Amino acid sequence: MNGRLWHGADYNPDQWLDRPDILERDVEMMRKAHVNVVSLGIFAWSTLEPREGDYQLDWMASVIDRLYAAGISVDLATPSGARPAWMAQKYPEVRRVNADRVRQLFGDRQNHCYTSPVYREKVRLMDQTLARRFGRHPGVVMWHISNEFGGECHCALCQQAFRDWLKDRYGSLEGVNRAWNTKFWSHDYTDFAQIESPSPQGEHAMHGLILDWKRFVSHQTTDFMKWERDCIREIVPEAKVCVNMMYRFDGVDYFDMAKEIDLASWDSYPTWHKPTQTLEETAIDTAMMHDLFYSIKGQPFWQMECTPSMTNWQSVSKNKKPGMNIFSGLQAVAHGADGVLYFQWRQSRGAFEKFHGAVVGHDGREDNRVFVETAKLGELLERLAPVAGERKEKQAAIVHDWSNKWAMEEAQGPRNAGLGYWEEITRHYAALARNGIGVDFVNQDSDLSGYKLVVAPMLYMLREDFAEKLRAFAEQGGTLVVTYWSGVVDESDLCYLGDTPHGLIDTLGLRRLEIDGMFDGETRRCVALDPAMPRSAQGGTLCEVAALEGATPLMVYDEDYFKGSPAVAMHEAGAGRAYYLAARFEPDFYKAFYARVCDALLTPAWPKPLPDGVLAVRRGRFTFLENASDVPAQVDEIALAPYETAVFEAGERIL
């Protein structure tokens, strides 16, 4: 797959089979747009199998052949994301049951039961029919498994699968009761049959149950994806598979799913040009997601979907301004993408996404701005082909763990008005990005070797084995940053007894005394003791009070009953050092803080400080200089127009 950058779109010729002139025109226009790959057949089940057992694949064969003859490869999809009406009518069990125990009607998409033997069998028959016909076609370079996996089912089949999963995890009912602390509210279970998934009509306050249900749903989703993968590989053992994932999606642990696929991809739909957010802030938030999806496999990914113009499902369908599609595509490549694809190639005539942006609009023209800019990006990606396959240098890692997030957000305290987990992560990421530091994401199963800096924001659920990894990382010379509300509970969401942050007290050189929730807009002033720190900062959201046990305070609270307590502290830990942040600070604090932390520790992508709105990213031997601003920028002797990206190879500008 290396040797080129992929450029293309979701292609839905099944919507245009009555217009062979359009299908012919599509291939001609794709070549003009420098398209070299399309995702094909994602929602085509009702065309591929209009009646049970009646497989109609000739139209797809014709399309794949036509594309291949034009030099366009195919990422061939399994159509399991939306099953046809005949199936929902004949086999009700394939339709999901909601948490209120009501079975859904036919409609929408991604609304099937992952456990249903009937659905799995129908998927197997479809996937293997496709694999036999197209699995070794030279034009098929990748298999796209379903589409945007998500959601949960509470049917009887899933209830039993959940109980079986619990038996595997805990070994016995006593183990479940112990892990969930069921003595509380007299909720002891005496039979596995008594356990049901969370429901608004039933149990919805047992945190261990809720956490394990989320884990089970993630497991079952990944298990279904593996079922599809293995069905294909039974016919085509060498098949490569991908899954398109989503922005900050909460329903699947993507680190776990990534172990089972060959290529990670995600669907990127930021709202550019928002009046409530600077362009740089939007760019950093998007970059953070690119880095997450690079990190889950530690290798280049594809931006599987984006819009070349606008969406139709966001609150405001804002167009990308001239140059923004090129900027966002190159930004994806800078952060590790080897593919930039759109939803979709040609705008649908009707139904839910008829006004969603596409490379080819309802007018069918190639002289409009969207098509011209798309073709320009395709040309630039061809020029940047040597970037394909380049890996990122390991510099800093931020810990993001799905189980931690699930547990923390169900915890009932210390702030039920919202903990802002992603907001906390974003502040650390944005500061590092603005300092030109490359960032990966890790979870509690990850290997930390090779990193010089590890940041653990709000690591509320801290496993014993990962605490040991963090201690060893610091003692062996790494720099560790830990925030408030870390090391509170174990992997079953049971509170640690004794001093906290559990497992990190000696490393941080302090212990937690208490934590105070702040109202929205409420802050506490903190002042610097160390001249390298900002003179003052405002701490909010949660303010933790700690007692020093060897750490050096760099900033202290300057008001309230915890005045004088450390707000920022540093401790020498073996050959490394550990920093502690006791509150969430305003964004500017983090840029100054990480400038201090990273000085002489990490080499930024650009040797000098950059003006606001300009970001530098290093990918292998290539450096990308991005003007994430709608005004011109000057960096040394380099003039950057709004949204312009300059690319350098070993110091020499190539774009």
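On a predicted model such as this, the values are computed, not experimentally measured, just so you know.
Sequence neighbours left out, the pairs with a member in residues 62-83 that pass salt bridge (Lys or Arg N to Asp or Glu O under 4.0 Å) are Glu24-Arg66. Screening residues 25-38 for salt bridge (Lys or Arg N to Asp or Glu O under 4.0 Å), with sequence neighbours left out, gives Arg25-Glu28, Arg25-Glu366, Asp26-Arg346, Glu28-Lys32, Lys32-Glu366.
The nearest pair of heavy atoms linking Ala628 to Leu615 is CB-CD1, 4.4 Å. Residues Ser446 and Phe255 approach most closely at OG-CE2, 4.5 Å, considering heavy atoms. Residues Ser80 and Phe224 approach most closely at OG-CE2, 4.2 Å, considering heavy atoms. Of all the heavy atoms in Lys240 and Asp262, the pair that sits closest is CA-OD2, 3.2 Å. Contact between Gly620 and Glu390 at its shortest, heavy atoms only, is CA-OE1, 3.2 Å. When every heavy atom of Tyr342 is checked against every heavy atom of Val359, the shortest pair comes out as CD1-CG2, 3.7 Å.
The shortest side-chain heavy-atom distance between Ile261 and Ile145 does not fall under the 4.5 Å cut-off. Two residues are said to be in side-chain contact when any heavy atoms from C-beta on lie closer than 4.5 Å; Cys306 and Phe343 fail this criterion. Contact of the Asp256 side chain with the Trp402 side chain is not registered, since no non-hydrogen atoms from C-beta on lie closer than 4.5 Å. Between Leu341 and Asp10 the shortest side-chain heavy-atom distance does not fall below 4.5 Å. Side-chain contact check for Phe249 versus Phe149: every heavy-atom pair is 4.5 Å or farther apart. Using a 4.5 Å cut-off on side-chain heavy atoms (C-beta onward), Gln56 and Pro50 make contact. Annotation: side chain of Arg391 is in contact with side chain of Gln299 (closest heavy-atom distance under 4.5 Å). Side-chain contact between Tyr594 and Ile437 is absent, with no heavy-atom pair separated by less than 4.5 Å.
With 3.5 Å as the limit, one finds no donor-acceptor pair spanning the side chains of Asn443 and Tyr254. Donor-acceptor pairing under 3.5 Å is lacking for the side chains of Gln331 and His335. At a cut-off of 3.5 Å, with distance as the only test, no side-chain donor of Ser348 or Glu353 sits close to an acceptor on the other residue. For Glu281 and Thr426, the side-chain atoms include no donor-acceptor pair closer than 3.5 Å.
Between Phe371 and Trp345, the ring-plane angle classifies as perpendicular under the 30° and 60° cut-offs. Taking the six-membered ring for Trp and thresholds of 30 and 60 degrees, Phe589 and Phe585 have ring planes inclined between 30 and 60 degrees apart.
Note: Trp422 and Tyr247 fail the aromatic proximity criterion, with ring centroids not under 6.0 Å apart. Close placement of the His356 and Tyr269 rings is indicated, their centers lying within 6.0 Å of each other.
Judged as a salt bridge (charged side-chain N to carboxylate O under 4.0 Å, His left out), and not counting sequence neighbours, the contacts of Asp58 are Arg133.
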Practice task
Tell me, with the steps shown, if Asp447 and Lys394 meet salt bridge (Lys or Arg N to Asp or Glu O under 4.0 Å).
Solution key: CA-CA 12 Å; Asp447 180 4; Lys394 282 189 173 184; 5.6 Å; no
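Side-chain atoms of His362 come within 3.5 Å of backbone atoms of Lys354 as a donor-acceptor pair (strictly under, hydrogens ignored). Judged by distance alone, with hydrogens and angles left aside, the side-chain atoms of Arg619 form a donor-acceptor pair with the main-chain N or O of Val333 at under 3.5 Å.
The cationic group of Lys392 lies under 6.0 Å from the six-membered ring centre of Tyr294 and within 45° of the ring axis, placing it in a cation-pi geometry.
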